[in-house]
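Step one of this worksheet: look at the structure below.
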Amino acid sequence: MSVAPAAYADVVARIARAAQAAGRDPAAVTLVAVSKQQPWEAIQPVLDAGQRVFGENRVQEAMGRWAERRAGLELRLIGPLQTNKAREAVAFFDAIESVDREKLARVLADEIQKQGRSPRLYVQVNTGEEDQKAGVIPPEADAFIVACRDTYGLTVEGLMCIPPEAEPPGPHFALLARIAARNGVAKLSMGMSGDFETAVRFGATSVRVGSAVFGARSR
Ligand SMILES: *Cc1c(COP(=O)(O)O)cnc(C)c1O
């Protein structure tokens with residue numbers, strides 16, 4: 001039962017259409033297929049269909065799923081990172097999209113130095129200033145980006161956000177794009193299954209899509 005490739009092809013096509021409608025090059029938007037909590041039977045057909053960029057929100061789960069088939073893939077950590085997992089995360093991921101506090105920035109900088117390996121880094125911004133959500137709040141974003149660069153010597157490739165579920169996402173995507181522009185940050189990771197076309201319209205350079213590609217998660 002491989003429903004996934006049709007759903008996958010549909011998401012790829014919708015991203016391309018949204019980019020074209022916004023006057024953007026579809027190749028400028030990367031699909032990050034979010035494979036967290038998905039059974040391998042759902043992932044395999046998407047891998048076979050040519051998808052090479054995957055997102056995971058837990059270090060241990062990601063390593064369990066991908067360590068043996070790591071070659072040729074780009075793996076992104078999109079979930080919160082505890083400092084005691086930073087060593088493994090730096091060793092394993094190609095990008096870490098959840099940099100959101102100074103302590104983590106410091107530990108990542110130490111590990112990057114020690115390992116001589118540097119995942120691309122995104123600062124997560126809690127655009128809705130929600131208590132339960134990770135990310136630096138918008139009023140503190142500029143100072144945090146400066147600290148990442150100047151205090152810890154990190155290169156900030158992009159910004160990431162997850163808008164509040166109950167609000168229209170557009171204003172949150174626009175806010176993230178403004179924070180990126182005024183700080184000279186090039187990439188925007190925004191948009192999930194329910195709103196990736198809107199995110200593309202607001203300038204997303206990558207969209208993180210799970211259930212629309214693989215089906216509903218098992219837990
Ligand atoms: C789970 C997750 C996604 C994907 O969510 P879907 O709604 O299944 O597309 C995207 N981003 C983050 C940070 C996630 O944790």
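Counting starts at 1 for both ligands and their atoms, following the listed order. Counting begins at 1 with the first residue of the sequence.
Ring planes of Trp66 and Trp40: perpendicular class, angle over 60° (limits at 30 and 60°).
Considering only residues two or more places apart in sequence or on other chains, Arg14 meets the salt bridge (charged side-chain N to carboxylate O under 4.0 Å, His left out) condition with Asp10, Glu197.
Remark: of the listed residues Arg120, Arg70, Arg76, Arg70 is the sole one forming a salt bridge (Lys or Arg N to Asp or Glu O under 4.0 Å) with Asp94.
For Arg149, the CZ atom sits in a packed shell: over 12 heavy atoms of surrounding residues, nucleotides or ligands are nearer than 6.0 Å. Shown here is Glu74, whose CD atom has more than 12 heavy atoms of other residues, nucleotides or ligands within 6.0 Å.
Using a heavy-atom distance under 4.0 Å as the criterion, the protein contacts of ligand 1 are Val34, Lys36, Ile78, Ile162, Met192, Ser193, Arg208, Val209, Gly210, Ser211, Arg217.
With Thr83 contributing its side chain and Leu104 its backbone, the two residues share no donor-acceptor pair below 3.5 Å.
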